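Sequential numbering from 1 along the given sequence is applied to the chain's residues. Only a predicted model underlies this, so the values are computations on that prediction, with no experimental measurement involved.
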Amino acid sequence: MFNLNNDTKKLAIGLMSGTSADGIDAALVEISGCSTTTKVRQLAFVTLPFTDAVRNRILRVAAGDFGGSKELCLLNFLMGRLSADACLAVCAQAGVDPHSIAFVGSHGQTVYHAPTAEEYCGYNVNGTLQIGEASLICEALGCTVVSDFRVRDMAAGGLGAPLVPYTEFLLYQDQERTVALQNIGGIGNITVLPKGMGLEGVFAFDTGPGNMVIDALAARLTSGKARYDAGGKTAASANVNADLLRWMLQDDYLQTPPPKTTGRERYGAAYVEALMQQAAALAVSLPDTLATATRFTAECIGAAVRDFCPMRPDRLIVGGGGSMNPTLLAHIADCLPGCEVLTNEQLGLDSNAKEAVAFAVLANETLYGQCNTAPGATGAAHPVVMGKISQ
């Protein structure tokens, strides 16, 4: 644990692997202080892509109806090994000795997230599972690792997501305007930082699918050769179908008030199959279905702001893989008239690294013994110190 009086600059690594299961993001940062005195400077960033075999195995396990204890055991250790490899890769890029790293904050790979309690063995049970054995990272770098963040928030009655709002408050708050941060990974999530308010005013929730459905359709369109619609080019060259979009907008998740969270269990393979069946019934081509799904992601974000943000944001900063899709960004701007929509890159920041940096910040708070949640975002009964420490 760190002493609160110690604001020495430290080297740390944040690791993130999202619901798209494309690979492990590793951000090397220089960090000092804690809470509102936190200062972070990004030094390097890499993504260690998963092989097709690893990605397919993750997606099969994450579907919830495949794999037993052996599968989870081996995948947990494989993810730990790949996480260590990502740490070594980002150190190599920066020319930094891995043994100079003070700590690593590892999100791990979510393989199932069940925020709403369901009947199980005669009990009502909810839960979440992120894998990636932290001990393998400890062994490779010889440093402290903080991992498995979400479970502590859920124990306090929260949804275990979203977790990044706490770090966004520390790094993006603005006294002059209300700022919203929209991350678009596999799932989209928004954080709103009302101007002139402290952490207690922060609220956040998952807006719905981000890239997840678009990616699945891009894979179908290219017979698996593409994992995503690069630059939104397919969507830009096709047409949004109003009837199919109307069907998608009937999704009851959009009407559910926050706090709320969602994931692959809702917008995975079964959802895409239902979407394809509806598209076929309406005689909508696959490119037009992809274009419609792209618009749907933007409409989800627009609905989130319109229906559930008591303070309309003056500025929406978009991060994550979706920020690299100009077609999607144009749809978002169209859905949010009067709101400035821009990317982290336009602010001189790195959209790809944002969530990995966030887990370095969360781990730093853990090691200082500081609460690192925003209960207004997760719905927890009180703030908690998230993260398990391995040394």
- Task: Measure from NZ or CZ of Lys10 to the centre of the six-membered ring of Phe2, then state whether that distance is under 6.0 Å and the direction lies within 45° of the axis.
- Result: yes
- Item | Result of checking Leu286, Asp229, Thr294 against Thr234 for side-chain contact (heavy atoms from CB on, under 4.5 Å) | Asp229
- Task: State whether the side chain of Asn76 and the backbone N or O of Gly132 hold a donor-acceptor pair below 3.5 Å, judged by distance alone.
- Result: yes
- Task: Please assess Asp153 against Arg150 for the test salt bridge (Lys or Arg N to Asp or Glu O under 4.0 Å), listing each intermediate value before the final yes or no.
- Result: CA-CA 6 Å; Asp153 179 78; Arg150 297 187 188 275; over 6 Å; no
- Item | Side-chain touch Ile301/Ile184, heavy atoms, less than 4.5 angstrom | yes
- Item | Arg60 to Phe66, cation-pi by 6.0 Å centre distance and 45° axis angle | yes
- For the residue pair Tyr267 and Tyr271, does the interplanar ring angle fall in the parallel (under 30°), tilted (30 to 60°) or perpendicular (over 60°) class? perpendicular
- Message: Can you tell me which residue among Ile332, Asn211, Ile214, Asn325 is in a side-chain contact (heavy atoms from CB on, under 4.5 Å) with Thr297?
- Response: Ile214
- Task: Kindly write out the residues that satisfy ring pair (Phe, Tyr, Trp, His ring centres under 6.0 Å) with Phe308, not counting sequence neighbours, or none if the list is empty.
- Result: none
- Measure from NZ or CZ of Lys260 to the centre of the six-membered ring of Tyr253, then state whether that distance is under 6.0 Å and the direction lies within 45° of the axis. yes
- Working to the nearest 0.5 Å, report the span between CG of Leu290 and CG of Asn239. 12.5 Å
- Would you say Asp288's side chain and Val284's backbone share a donor-acceptor pair under 3.5 angstrom? no
- ring pair (Phe, Tyr, Trp, His ring centres under 6.0 Å) against Phe296, all qualifying residues, sequence neighbours excluded: none
- Query: Can Arg177 and Asp174 be counted as an ion pair, charged N to O under 4.0 angstrom?
  - Reply: yes
